[in-house]
Amino acid sequence: MFSAILALLFVASSASSPIDFPRLIVRQDIETPINASLPNVTILATGGTIASKGSTNTQTTGYSIGLGVQDLIEAVPEILNISNIAGYQVSNVGSGSINETISLALAHIISKELAKDEVSGVVITHGTDTLEETAFFMNLAINSSKPVVCVGAMRPSTALSADGPLNLYQAVTLAISPNAKGRGAMITLNDRIGSAFYTTKNNANSIDTFYSMEAGQLGFFINQVPFFFYEPAVPIGHTSFDLTNVNDLAQVDILYAHQDMDPGLVNASIAGGADGLVIAGVGAGGTSSKFAVAMEEAYNATGIPIVSSHRSADGFVPGDEGDFTIASGFYNPQKARILLQLALSTGMGYDDIKGIFAKSYPSPSA
Ligand SMILES: *[C@@H]1O[C@H](CO)[C@@H](O)[C@H](O)[C@H]1NC(C)=O
Ligand SMILES: *[C@@H]1O[C@H](CO)[C@@H](O)[C@H](O)[C@H]1NC(C)=O
Ligand SMILES: *[C@@H]1O[C@H](CO)[C@@H](O)[C@H](O)[C@H]1NC(C)=O
Ligand SMILES: *[C@@H]1O[C@H](CO)[C@@H](O)[C@H](O)[C@H]1NC(C)=O
Ligand SMILES: *[C@@H]1O[C@H](CO)[C@@H](O)[C@H](O)[C@H]1NC(C)=O
Ligand SMILES: *[C@@H]1O[C@H](CO)[C@@H](O)[C@H](O)[C@H]1NC(C)=O
Ligand SMILES: *[C@@H]1O[C@H](CO)[C@@H](O)[C@H](O)[C@H]1NC(C)=O
């Protein structure tokens, strides 16, 4: 069996990241040197279904996480024929448990890896549930034209027709593709390549879950070769944050609007330490009139930024001159939360924050 000859070398990390992770070099054989004519890719493993095992090959719910970065590569030895792989085991959790420690560690490690001339790109393996949040975070935090590819799986590694191995192979293919440069962070699953800016998880269970409705896909895999529909570009409104000296993040809560929404939630969030709020509003950012008063009182009392987003799966919230809330434009609540969080964490004030949201959608007078 191939796995018998896989060897893992632990190389002391020279980088000082918030958490010290060893850089692991995955090779086919400890005697075999790295093949210098192949591109180098760094995989950052965080957990998720792609790293999970069920008790039978028909089990596709209720499985548990247990595979490390080396196991992921062992399942797809073809990857070592197209690249040299270094790995970091940053966490091994379901993506509902990804937190600021992990996101910041990813951003710091990736920035250092991509600064190395010999590294062509990075791949993050991640649970799918919040993959779009981590992808969007990296899109804002990584200032490099090299590919940052986020990948996961909807079926555990033990399942019939597990999707993880091919998704991972395609992710590495994307990370080494010269055509993938200059497109921001990307999400790839089920043959699709999407921008981290717009791609969202659409189905809780189906393997065909990641796509972007209005903005569309960046590309598609044809016989495992990435094909892009357009030349490289970054989305309108993209903001880049320098997180070099940021070691903890502001707290931003999302409040979900609905009929009879409790206006007390605004104060409860602020009392719980929120530095900013995102409202998953009804329609294009609406709430009840009582809730709107509670928001305005809270804004008057504290000045904290409150972003109006939409609970509908798609669409945008238009800006309104003089409104105390900040319109999210096309950002869905979970992406608006990341953008607000990084803006607050890098010390931006209210007007600048309003400005970075406003540049992603047409102004009302345009
Ligand atoms: C190194 O990679 C190149 C390019 O794919 C290949 O032609 C060559 O056979 C590889 N060398 C070894 C020792 O595997
Ligand atoms: C991969 O890394 C090796 C070792 O650092 C280096 O010699 C080689 O040039 C790199 N490959 C590419 C394509 O940059
Ligand atoms: C890797 O490439 C070699 C040479 O082309 C081939 O013999 C081998 O089967 C390949 N291994 C895998 C796992 O694809
Ligand atoms: C984030 O999760 C990791 C892994 O479970 C844990 O080590 C770390 O303490 C957590 N950070 C926070 C701020 O809770
Ligand atoms: C990104 O990098 C460019 C050039 O490498 C630099 O001019 C710019 O200030 C950087 N942006 C951030 C937010 O670090
Ligand atoms: C929220 O707190 C403010 C300031 O303490 C108070 O004036 C306001 O009535 C509270 N709002 C609600 C809805 O409880
Ligand atoms: C918030 O402050 C503005 C400006 O002072 C004022 O016009 C408005 O009535 C206040 N809103 C609430 C709900 O207290």
Side-chain angles (χ1 to χ4, degrees), residues 2 5-7 25-41 73 77-85 104 107-108 110-120 136-146 148 169 172-173 175-178 181-185 224-225 232 234-235 237-246 253 255 257 260-274 277 279 287-304 306 324-325 338-339 341-348 352-353 355-356 359:
F2 188 85
I5 56 160
L6 265 177
I25 308 290
V26 183
R27 292 185 193 173
Q28 297 194 21
D29 183 327
I30 201 159
E31 302 299 326
T32 311
I34 279 174
N35 185 338
S37 56
L38 293 178
N40 303 290
V41 171
I73 299 299
E78 292 77 6
I79 286 174
L80 296 174
N81 257 8
I82 58 167
S83 60
N84 302 306
I85 298 291
L104 282 169
H108 289 148
I110 291 170
S111 293
K112 289 197 169 104
E113 287 294 313
L114 293 184
K116 297 173 185 166
D117 286 342
E118 71 271 20
V119 174
S120 296
F136 185 62
F137 188 114
M138 300 310 140
N139 195 59
L140 302 178
I142 307 300
N143 191 10
S144 169
S145 64
K146 293 179 185 176
V148 175
Y169 184 84
V172 171
T173 307
I176 63 179
S177 166
K181 292 177 87 170
R183 297 177 187 271
Q224 318 322 327
V225 177
V234 289
H238 173 72
T239 303
S240 195
F241 294 92
D242 182 358
L243 300 185
T244 313
N245 298 313
V246 173
D253 291 350
L255 302 180
D260 291 321
M261 188 181 192
D262 179 3
L265 291 175
V266 176
N267 281 355
S269 260
I270 295 169
L277 294 178
I279 313 300
T287 64
S288 70
S289 50
K290 280 186 191 163
F291 193 85
V293 170
M295 286 194 299
E296 191 169 343
E297 282 172 355
Y299 172 73
N300 281 359
T302 64
I304 73 164
I306 302 177
F324 70 94
T325 66
I338 302 276
L339 182 58
Q341 192 178 38
L342 296 198
L344 287 167
S345 306
T346 51
M348 270 191 188
D352 288 339
I353 293 173
I356 58 168
K359 67 181 181 165

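Side-chain atoms are counted along with the backbone in the values below, which use heavy atoms only and exclude waters and symmetry mates. Counting convention: from 1, in listed order, for ligands and their atoms alike.
- Here L38 has side-chain heavy atoms under 4.0 Å from ligand 1, and that is the only part of it that gets that close.
- The two residues S269 and D253 have their closest heavy-atom pair at OG-OD2, 2.9 Å.
- Of the protein's heavy atoms, at least one falls inside 4.0 Å of atom 1 (C) of ligand 6.
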For this session: Let me see the working for N139 and H238 under side-chain contact (heavy atoms from CB on, under 4.5 Å), right down to the final yes or no.
Result: CA-CA 9 Å; N139 195 59; H238 173 72; 3.6 Å; yes
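- Heavy-atom contacts of S37 reach the following atoms of ligand 1: 1 (C), 2 (O), 3 (C), 4 (C) (cutoff under 4.0 Å).
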Exercise. Can you list the steps and then say if L243 with L104 is a side-chain contact (heavy atoms from CB on, under 4.5 Å)?
Worked result: CA-CA 8 Å; L243 300 185; L104 282 169; 4.1 Å; yes
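- Counting protein heavy atoms only, atom 13 (C) of ligand 5 is closest to S240 O, 3.5 Å.
- Of the protein's non-hydrogen atoms, N267 ND2, 3.4 Å is the one closest to atom 14 (O) of ligand 6.
- Atom 12 (C) of ligand 5 has N143 ND2, 3.2 Å as its closest protein atom, hydrogens excluded (heavy atom only).
- If you number the atoms of ligand 5 from 1 as listed, the ones under 4.0 Å from a heavy atom of D242 come out as 13 (C), 14 (O).
- The shortest contact between atom 7 (O) of ligand 6 and any protein heavy atom is with E297 OE1, 4.6 Å.
- Atom 5 (O) of ligand 6 is never approached by the protein to below 4.0 angstrom, counting heavy atoms only.
- N84 places a side-chain N or O within donor-acceptor distance of the main-chain N or O of N35, the cut-off being under 3.5 Å.
- A donor-acceptor pair under 3.5 Å is absent between the side-chain atoms of S177 and the main chain of T173, judged by distance alone.
- The distance criterion of under 3.5 Å between nitrogen or oxygen atoms is not met by N81 with respect to ligand 1.
- Side chains of L342 and V246 form no contact here, defined as non-hydrogen atoms less than 4.5 Å apart.
- Side-chain atoms of S144 come within 3.5 Å of backbone N or O of K146 as a donor-acceptor pair.
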